[in-house]
Amino acid sequence: MLEVLDVSGLATLQDSGRRGWQSYGVPVSGPMDWFAHRAANSLLNNSPDAVVIEIGLGEITLRATRNTVLAVTGAGFEVANYIWTFPLWTSFYVRAGWRVHVKKISRGNWAYLAIAGGFETQSILGSKSTYLRGGLGSALRAGDVLNAGKPAIELSKLAARDFPVEKYMSYSQSPVIQVIAGPQQDRFTENGIQTFYGSEYTLSKSFDRMGYRLEGIPISHAGNADLISEGMTMGSIQVPASGQPIVMMADAPTTGGYLKIANVIRASLPLLAQCEAGNSKIRFKKISVEDAQEKLRRLWSRAACCPKFPSAS
Amino acid sequence: MLKPLGDSALLIELGNEINPALNQRIHALNALLQNPILGILETVPAYSTLLIHYDPLILTFDQAAHWVRDKMTQLDDSFHRTPRRLEVPVRYGGASGPDLEAVAVSKGISPADVIRIHSEREYTVYMMGFTPGFPYLGTLDERLIMPRMETPRTLVKAGIVAIAGSQTGIYPLDSPGGWHLIGWTPLKLFDPASETPFLFSPGDVVTFLPLESNSLLFGKLDDHA
């Protein structure tokens, strides 16, 4: 269905994640930006768990071997289809033989390319998400041929749709990231807590699908920074002895041994995921568990909503 | 004792130390929490904590906590969990256990002592992590306690048995590693294609069985290590 002609950066296949194996040390994986992943699938009436290509920090060129419909979402990328350029958060028809090129052009890190029917790939431990460090799946390479499942409805009805992203998610390089206080908050000094909530952080160059290392004013611990290892989640903010926070991301280890000052809420994770190294100005704000869950419920149903504005193009 | 970890997980703390009895309680509680209610996704036992991942689209924190508290009332001294026991054959030293000599020298004992001390006691899989299938086994005899290496190796082969601090472990995949490498097992710790992809589970009891390097078991596998 789609042949990979060229790829730079990191392109992997991701469904909504691998659940049930964390007690054996297997991370959840899945998308860095769940909202964009979910919206890409919903533009094509795919199941929310359908497999999508995640393109990180680079570009990919593909050629269709059959007629199909694609949708691309994310932040900071542009899509070229045959002779046209498309904005993100739309779906478009692709004829057999046409080339599709997804390329990073502005602020953001990750794009999601979904195909009508979803990509088909081998399931490992109940999921089709790629986890490179664990050898589960592999990064896409030139020459790979990707097959798709059966579209939910006829292709012509899936093409030329828009997703009104700006209504629901304000991607920005200076976001306010909402967090829930961490279980070891009392092991930081009052000053350290004030630093965390009162100052600005940027993403360092050292970041990947496993974690985002931030840079800013160091956060002071009340005692030592070590913890007897315990479970953690995507969004957990660990603060090692250096005082520079590390936010655990999609391929986060299942357990960690540094103190956690806070946890990014699920509704804010897409914003953080799309913050760039060096350019971003990230602030943290506390929110209650109840409010965070209410926000997630609202956002979740929005990202699943069939797009209401089929465009005339 | 029950704390939120973000909007999708709940942390149960039963203590704050590495202690076999405490860890036994964690695994006992974990056993009680299997076959959960809808919305509980998975549990991650560690040394003295248990993390419950739940789906906030289905359960609130209070609902998840209520379920956990209810189960915790069943965790009394009469609750017994019979752990699974596994025996792991190990070829100590040689190319696949390059740090055996150095550990012996550093501890002022012979390599044979290291092998004897390492293989004469039972270990519990306190928790799993690092890479898929890596068991953190404890507690190591005090006579073998070494700090982690200052510079981790960039490649440790799958099946290598190693020690660090008060723990011992086995590398399931080729990966970087900062522990001291003392032996190698031909057992496969992780096989994604298998119906039981992981050799170990948290809470298992493990013993090491030293084998001679000319053992038939290793005959065909020499190339691997």
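Keep in mind that this is a model prediction, so the values were computed, not measured.
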Identify the two heavy atoms, one from [X] and one from [Y], that lie closest to each other, and give their separation to 0.1 Å.
{"X": "G6(B)", "Y": "I180(A)", "value": "C-CD1, 3.5 Å"}
{"X": "P183(A)", "Y": "P4(B)", "value": "CD-O, 4.4 Å"}
{"X": "P192(B)", "Y": "I124(A)", "value": "CB-CG2, 3.6 Å"}
{"X": "V44(B)", "Y": "G231(A)", "value": "CG1-CA, 4.4 Å"}

Against chain A, label [X] side chain, backbone, both or neither, depending on which of its atoms sit under 4.5 Å from a heavy atom there.
{"X": "I52(B)", "result": "neither"}
{"X": "I18(B)", "result": "both"}
{"X": "L11(B)", "result": "side chain"}

**OP:** Heavy-atom distances under 4.5 Å only: say whether L227(A) touches chain B with side chain, backbone, both or neither.
**Re:**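 For L227(A), no heavy atom lies under 4.5 Å from chain B.
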Original post:
How would you list, by chain and number, every residue that makes a side-chain hydrogen bond (donor to acceptor under 3.5 Å, both in side chains) with T195(A), sequence neighbours excluded?
Top reply: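 Partners of T195(A) under the side-chain hydrogen bond (donor to acceptor under 3.5 Å, both in side chains) test: none.
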Are there donor-acceptor atom pairs under 3.5 Å between chain A and chain B, and if so which?
residue, atom, partner, partner atom, Å
R19(A), NH1, E42(B), OE2, 3.2
G20(A), N, E42(B), OE1, 3.0
G20(A), N, E42(B), OE2, 3.1
W21(A), N, E42(B), OE1, 3.2
Q22(A), N, E42(B), OE1, 3.0
Q22(A), NE2, E42(B), OE2, 3.0
Q22(A), NE2, H53(B), NE2, 3.4
Y24(A), O, G133(B), N, 2.8
Y24(A), OH, S201(B), OG, 3.2
P183(A), O, K3(B), NZ, 3.0
R266(A), N, D7(B), OD2, 2.9
R266(A), NH1, S8(B), OG, 2.7
Q293(A), NE2, D7(B), O, 3.0
Q293(A), NE2, Y54(B), OH, 2.8
R297(A), NE, P56(B), O, 3.1
R297(A), NH2, P56(B), O, 3.1

Original post:
Hey, which of P56(B), G133(B), P202(B) has the most heavy atom pairs under 4.5 Å with chain A?
Top reply: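 Among the listed options, the one with the most contacts to chain A is P56(B).
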